[in-house]
Amino acid sequence: MKRHTICRLCSSCCPVEVEIEDGRLVSAARKSFLPREKQLICPKLKAAAEITYSPHRLKTPLIRDDRGNFREASWEEALDRVADGFLHCKKTYGARSVCWLRGMAADWGAPWDYANRLMNAFGSPNTIGNGSVCHVGREMAHTLTYGAMTIPQVRKARCILVWGKNDRDTSPNIAEGIIWAKENGAKLIVVDPVKTWLAGQADLWLPIKPAHDGLLAMAMLHEIITTRRYDEKFVREWTVGFEALKKVAEKFPIEKVAPEVWLQPDQIRRAVELYTAHKPACIVDGNGLDMQITAFDATRAVCLLRALTGNLDREGGDFIPQPVPLRNIQLKERLPQGVEPITRDYPLFNTFHDTWGRQVQSCVIDAVLDEKPYPIKMLVVQSGNPLVTLMDAGRVEKALKKLEFLVTIDPFLNRTGRMAHVVLPASLCFEKTQLNRAHIRNNPLMIQQQVIEPVGESRPDWWIVFELARRLGLEREFPWKTVEEAIDYQLEPLGVTTAMVKENPEGFWVEKPVYEKYKQTGFKTPSGKVEFYSERLAQAGFPAVPFADGFPQGVISYSDRSERYPFVGISGARTSRFTHSQFRMIPSLVQDEKGCVVDIHPEDAQKIDVSAGDRVRVETPRGCIVMKAHISQVVRPGSIRIAWGWGEVNPEYNLNRLTDDDRRNPVIGTPSGRSFMCRIEKVV
Ligand SMILES: Nc1nc2c(c(=O)[nH]1)N[C@H]1C(S)=C(S)[C@@H](COP(=O)(O)OP(=O)(O)OC[C@H]3O[C@@H](n4cnc5c(=O)[nH]c(N)nc54)[C@H](O)[C@@H]3O)O[C@H]1N2
Ligand SMILES: Nc1nc2c(c(=O)[nH]1)N[C@H]1C(S)=C(S)[C@@H](COP(=O)(O)OP(=O)(O)OC[C@H]3O[C@@H](n4cnc5c(=O)[nH]c(N)nc54)[C@H](O)[C@@H]3O)O[C@H]1N2
Ligand code: SF4
Ligand SMILES: [Mo]
């Protein structure tokens with residue numbers, strides 16, 4: 001039997017068709033607009049059955065006994081134990097001492113709302129996401145500029161500028177659109193320090209110095225302004241602060257910027273020519289812009305390019321989404337007055353959006369270890385693996401050890417779970433129904449549907465939250481017996497039901513796409529226009545125009561110690577086989593640790609006397625890792641690239657042992673986890 005649903009084995013949330021036999025998932029196929037022979041294969045989806053029925057799946061809750069060993073437990077006992085922890089902490093230290101840390105896998109739509117609702121009703125403001133290193137920081141830069149995060153219309157674009165994104169491995173649906181557009185004559189520009197597969201296909205590849213994207217974007221803005229290649233009518237009618245931008249951009253002429261970003265002036269000029277000559281054009285920005293100290297201003301500078309060239313909300317340009325207007329169920333209003341979250345140093349980031357909430361995960365570690373701004377005693381980690389995925393892993397480990405109570409909610413016993421007091425077995429994506437953010441942030445609305453029964457005694461995330469809520473005396477806030485009832489409650493203001501959406505697996509249109517909506521409604525910013533100059537940022541004490549105070553020094557961590565640490569280390573690559581630290585125990589995906597390597601340029605390899613397959617030690621002031629060397633020209637001399645996510649297999653491979661969490665972006669709290677100075681030598 002074939003069933004339609006959404007795959008949530010990574011954040012791409014692809015619509016898929018699954019084959020079910022005798023109640024078991026047999027195979028799954030991604031839906032694609034391309035003919036089969038041109039489609040990209042997703043190895044994770046191919047392994048869907050192997051992942052779902054893996055012998056490593058947790059089948060029952062686990063509780064640590066007095067001797068420190070895990071024993072299997074019933075849901076009753078495990079949930080009672082967790083609820084007791086909540087109530088004990090509330091009585092002893094106050095509700096705010098309990099923190100709920102969310103990783104990416106349970107999704108940022110309704111499952112994020114449920115966790116927030118539970119914590120708000122319980123009285124703790126500390127439901128914390130990891131958006132400071134992922135796309136929420138980027139989303140804020142877009143939102144403060146023109147009201148929402150744009151969606152690049154790659155298939156209809158005449159020029160596509162891919163900025164720090166590797167879609168072939170991370171979002172196949174977008175990559176297929178890019179490839180298709182390119183085959184139909186669109187120009188492709190890629191900004192990436194690494195020669196990715198897409199960079200190899202591009203009309204122009206800009207191998208930028210890591211973490212220097214803000215400089216490049218400012219130089220492009222300057223060039224577009226001085227050569228008058230901008231959309232004068234759009235700028236005149238729909239933007240504020242053009243003169244202020246022009247003045248700041250004067251500090252970033254191409255000739256001055258080019259050597260600082262490891263490019264030739266002509267390469268930047270060519271990018272400007274291609275991007276402005278072929279319209280409509282769109283920009284696909286990615287995680288290469290996140291995890292930089294300057295992430296916020298750099299992303300905002302890239303956003304200004306979209307507006308300056310008049311590509312906003314045009315077909316084939318950068319579409320302003322039409323979100324599905326759900327009921328906000330987070331119950332923020334229920335928090336006691338005056339209780340500040342542990343992320344209180346980032347007030348604008350905490351409040352820029354109705355439902356994103358708090359996203360600076362580094363603050364969790366500060367609050368546990370340094371007890372600043374106050375101590376966190378109990379941590380619930382839902383769908384995350386902070387021991388591997390947070391920056392400065394040594395510090396994270398100390399924090400997790402210091403906790404009075406650690407709970408994980410996860411389908412597997414990951415490295416973080418092995419330190420927990422209670423582990424609650426979560427169901428994987430095909431075993432549950434949920435409303436994902438990808439399909440509510442823009443029409444059409446789609447629902448991820450349960451297509452098989454939960455494996456073992458695992459339970460969907462919604463069930464776990466609802467049951468815990470009942471034990472905390474919050475039955476009134478969580479009256480729903482099924483997840484469909486809960487989703488119906490969120491959909492109610494639209495006059496739409498879960499059943500209606502399920503009947504339309506290709507998507508339920510609440511409204512059809514409309515371009516140039518701003519002509520009717522203005523942009524969703526305080527001025528109603530695109531804000532080259534943001535008064536909101538000025539009032540909060542930040543530069544109102546990106547880099548108005550200049551580009552900071554030492555944006556790559558440990559730059560001040562480059563004599564001892566002469567190489568630029570780059571965190572990458574994500575391959576299509578894995579999602580971060582996940583699936584490292586799935587035989588068809590792990591493939592004898594293929595790809596767990598450090599890419600070194602042949603010239604550097606010769607200098608440090610390293611050959612392919614040698615074990616190399618990479619060191620920074622925070623710690624060291626050991627991996628095999630791979631000699632490759634995808635990186636430039638002087639930089640190395642370290643494979644991401646392998647810390648789950650072995651702490652020796654955990655690249656977050658190398659990263660820094662001390663210095664952070666002042667607006668969105670992002671540490672520089674993407675690039676750092678390091679030392680590399682052969683292990684003899
Ligand atoms: N140095 C460096 N650090 C990084 C990154 C990097 O590139 N370099 N990337 C950053 C980014 S962008 C992100 S998003 C984070 C990711 O950080 P995390 O969110 O911590 O990432 P994962 O390793 O994917 O951990 C997800 C966990 O969720 C579990 N899981 C899977 N499905 C479900 C489910 O349906 N329910 C529940 N409850 N659990 C589930 C998985 O088994 C896994 O243990 O890491 C960040 N950290
Ligand atoms: N297979 C797979 N798919 C995934 C995930 C996964 O782990 N595995 N994770 C999901 C998640 S949570 C996220 S956030 C997305 C991320 O997906 P993407 O946005 O595609 O991000 P990455 O692949 O981390 O990095 C994109 C590119 O940025 C480049 N880069 C590194 N440093 C810099 C820099 O300083 N400047 C520029 N311009 N580029 C730089 C890298 O070389 C890389 O090619 O993928 C999602 N999809
Ligand atoms: S890219 Fe693959 S793993 Fe990710 S959602 Fe799509 S099909 Fe699933
Ligand atoms: Mo992410």
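Remember, it's 1-based here, ligands and their atoms both numbered in the order they're listed. Worth saying up front: this structure is predicted, and the values here are computed from it rather than measured. Numbering starts at 1 and runs along the sequence shown.
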Proximity winner for atom 44 (O) of ligand 2, if only heavy atoms of Ile208, Asp290, Asp192 are counted: Asp192
Sub-2.8 Å protein N, O or S atoms surrounding atom 8 (Fe) of ligand 3: Cys7 SG
Test: Arg306 and Asp285 ion pair at under 4.0 Å: yes
Sub-4.0 Å heavy-atom approach of Arg574 to ligand 1: yes
Between Asn287 and Arg674, a side-chain donor and acceptor under 3.5 Å: yes
Under 3.5 Å side-chain donor-acceptor pair for Asp169 and Thr575: no
Close approach of Lys209 to ligand 2, heavy atoms, under 4.0 angstrom: no
Arg138-ligand 2 polar pair, N/O distance under 3.5 Å: no
Nearest neighbour in protein (non-hydrogen) for atom 39 (N) of ligand 2: Pro193 CD, 3.2 Å
Under 3.5 Å: N/O of Thr575 near N/O of ligand 2: yes
Options Ile556, Ile570, Thr170, ranked by nearest heavy atom to atom 45 (O) of ligand 2, top entry: Thr170
Close N or O approach (His580, ligand 2; < 3.5 Å): yes
Distance-only donor-acceptor check, side chains Ser171 and Lys165, under 3.5 Å: yes
Rounded distance (nearest 0.5 Å) linking atom CD of Glu260 with atom CZ of Phe551: 8.5 Å
Any Arg674 heavy atom less than 4.0 Å to ligand 2: yes
Within reach of ligand 1, part of Val388 (heavy-atom separation under 4.0 Å): neither
Side-chain donor-acceptor pair present, Arg415, Asn654, cut-off under 3.5 Å: no
Thr196 and Asn166: side chain donor to acceptor below 3.5 Å: no
Option set Lys432, Gln582, Arg459, Arg8, criterion heavy-atom distance to atom 35 (O) of ligand 1, minimum: Lys432
Sub-4.0 Å heavy-atom contact, Ser675 with ligand 2: no
Close N or O approach (Asp461, ligand 1; < 3.5 Å): yes
Ligand-side contact atoms (ligand 1) for residue partner Asn414, heavy atom cut-off under 4.0 Å: 44 (O)
Trp646/Phe578 aromatic ring centres below 6.0 Å: yes
Proximity flag Glu648 to ligand 1, non-hydrogen atoms under 4.0 Å: no
Non-hydrogen atom of Cys429 closer than 4.0 Å to ligand 1: no
For Asn287, the ligand 1 atoms whose distance to one of its heavy atoms is below 4.0 Å: 12 (S)
Evaluation steps, side-chain hydrogen bond (donor to acceptor under 3.5 Å, both in side chains), between Glu139 and Trp356: CA-CA 10 Å; Glu139 178 145 350; Trp356 269 126; 3.2 Å; yes
Gln434: which of Asp107, Val483, Ile447 passes side chain to side chain contact (heavy atoms under 4.5 Å, CB included): Asp107
